[in-house]
Number of protein chains: 2
Amino acid sequence: MLDRVRRLVLSGGFSPGAPLSEVFLAQEFDVSRTPIRETLKQLQHEGLVEIRPKVGTFIREPTRREIVELFQLKESLEGLAAGLLARRGSVPELGVLEHNIEESDRAAVDQDATRYAALVHEFHRTIITGAENSKLVEHYDRLMNQLAYHRLVLRTAEHPGRIRASTGEHRAVLTMIRDKDHFGAEAAMRNHVHASAREVLTDARTAPVELSS
Amino acid sequence: MLDRVRRLVLSGGFSPGAPLSEVFLAQEFDVSRTPIRETLKQLQHEGLVEIRPKVGTFIREPTRREIVELFQLKESLEGLAAGLLARRGSVPELGVLEHNIEESDRAAVDQDATRYAALVHEFHRTIITGAENSKLVEHYDRLMNQLAYHRLVLRTAEHPGRIRASTGEHRAVLTMIRDKDHFGAEAAMRNHVHASAREVLTDARTAPVELSS
DNA sequence: CTAACGTTTGATGCATGCAACAGCTTCTGG
DNA sequence: CCAGAAGCTGTTGCATGCATCAAACGTTAG
């Protein structure tokens with residue numbers, strides 16, 4: 001139930017601020033209001049919706065400031081993941097990551113933005129899960145849900161210049177992991193996420209952003 | 001409602017694995033099962049309890065591995081916070097932190113472990129909130145809830161040796177923040193959390209721990 | 001015309017009741 | 001004495017109904 005409602009919210013079918021009536025969702029999923037209510041409370045806890053008591057539930061649009069905050073967190077968490085992965089004894093993910101970058105390159109020259117975005121997502125997620133820290137995965141997922149990934153990133157993926165820079169940064173991260181340089185891997189990943197965040201934030205709107213330094 | 005039940009769980013009145021019956025909690029707080037159910041679902045999402053479908057809700061004891069994972073995250077998040085704080089233009093928290101360390105020193109010489117632990121907690125929390133990143137605060141709170149702070153840390157605070165080392169590390173962090181050395185502040189904080197985690201983990205049980213490097 | 005007020009409406013908040021199921025207990029056949 | 005099955009019990013899962021309240025609307029006095 002939770003996943004189904006979450007998917008509905010993240011699908012983008014509703015514009016931010018749109019009301020999510022309990023009775024509507026109940027009819028939509030053919031259940032009673034009770035399980036819907038439980039679900040909405042959890043989604044509120046995830047930051048995806050806002051429940052105004054006695055009024056209703058609304059899809060939450062993160063403010064620009066919150067997006068900056070989320071990217072700061074993303075940078076930290078992904079850096080941690082890359083470092084942990086580089087520290088592991090054997091890293092069976094290396095092959096997957098290598099293959100992913102090759103595919104990404106191909107998608108880049110084909111200008112296939114959708115496929116490229118999917119590959120980038122897979123690259124990052126492979127590193128997160130490869131860190132073998134289940135709590136990190138939980139926090140990361142939570143983070144990415146709030147970032148409403150698709151809306152922001154898919155738009156960015158349409159820029160060819162960004163595509164090239166991104167695969168280069170991915171290669172840098174991969175090299176550090178292969179060399180078991182956990183300090184370098186963390187730095188490379190943080191640099192990559194930082195650059196990517198700056199790109200997304202300057203692209204998404206016109207207002208200037210200070211992400212930090 | 002959520003806070004009340006959470007406090008009850010964190011109070012330590014129930015041993016890990018103890019069942020949390022909905023009807024019991026409903027009577028305890030003099031409400032019906034419905035709001036209790038909603039609350040438990042959220043606490044499950046926070047990782048504090050485990051809901052076995054059709055069976056019941058139980059207080060969740062994190063495994064040793066999960067505690068290690070949580071400390072890895074803690075190190076990363078607190079490092080981020082210290083760095084962000086050091087980057088801020090003006091840092092009004094400096095006075096509070098300075099005062100806190102002085103009080104901590106006093107509590108240390110008095111061997112007042114409880115007061116010392118409270119001050120340490122306040123020190124860390126001041127830095128977290130001082131980073132001015134609301135999402136970071138959310139994730140941090142979530143993290144600390146799962147760590148069942150009191151149980152692990154209060155025990156550690158009883159070691160005088162650790163007390164002295166800890167205030168020293170606190171001072172190092174504070175100095176870096178005052179100097180606006182965000183790189184150093186992050187490193188100092190991570191070092192401090194790492195050492196503290198190692199202390200807690202080796203103290204809590206007898207088994208050896210590899211936190212990382 | 002405007003501002004304040006009462007009314008209406010639509011939603012949530014919660015209590016309650018029933019069905020369904022996991023796990024334990026007990027009974028029975030060997 | 002033991003293994004397996006049947007039922008028993010306590011719990012959750014969910015539907016439903018009523019009370020409550022916020023916001024919108026219309027009404028009326030000034």
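We name chains A, B, ... by the order of the sequence lines, and we start the count at 1 in each one.
Side-chain contact of A:H194 with A:Q72: a donor-acceptor pair under 3.5 Å is absent, judged by distance alone.
By the side-chain contact (heavy atoms from CB on, under 4.5 Å) test, B:E138 is found to be paired with A:Q146, B:K135, residues two or more places apart in sequence or in another chain being considered. The side-chain hydrogen bond (donor to acceptor under 3.5 Å, both in side chains) check on B:D30 picks up nothing, with sequence neighbours excluded. Every ring-ring contact (aromatic ring centres under 6.0 Å, His included) that A:H139 has, sequence neighbours left out, goes to B:H139. Scanning for side-chain contact (heavy atoms from CB on, under 4.5 Å) contacts around B:R65 gives A:E132, B:T63, B:E69, with sequence neighbours left out.
Listed by residue number, A:V31, A:S32 are the residues of residues 20-32 of chain A with a heavy-atom contact under 4.0 Å to DNA chain D. Less than 4.0 Å separates DNA chain D from at least one heavy atom of each of the following residues of residues 39-57 of chain A: A:K54, A:V55.
One atom, CZ of B:R37, and another, C1' of C:dC14, lie 14 Å apart when rounded to the nearest Å. The distance between atom CE of A:M1 and atom C1' of D:dC14, rounded to the nearest whole Å, is 12 Å. Here the C1' atom of nucleotide D:dG10 and the CZ atom of B:R33 are 11 Å apart, to the nearest Å.
For the salt bridge (Lys or Arg N to Asp or Glu O under 4.0 Å) criterion with B:R190, the lone passing option out of B:E75, B:E78, B:E169 is B:E75. None of B:R142, B:K41, B:R6 except one satisfies the side chain to side chain donor-acceptor pair (under 3.5 Å) rule with B:E46; the exception is B:R6.
Side-chain contact check for A:S104 versus A:F123: every heavy-atom pair is 4.5 Å or farther apart.
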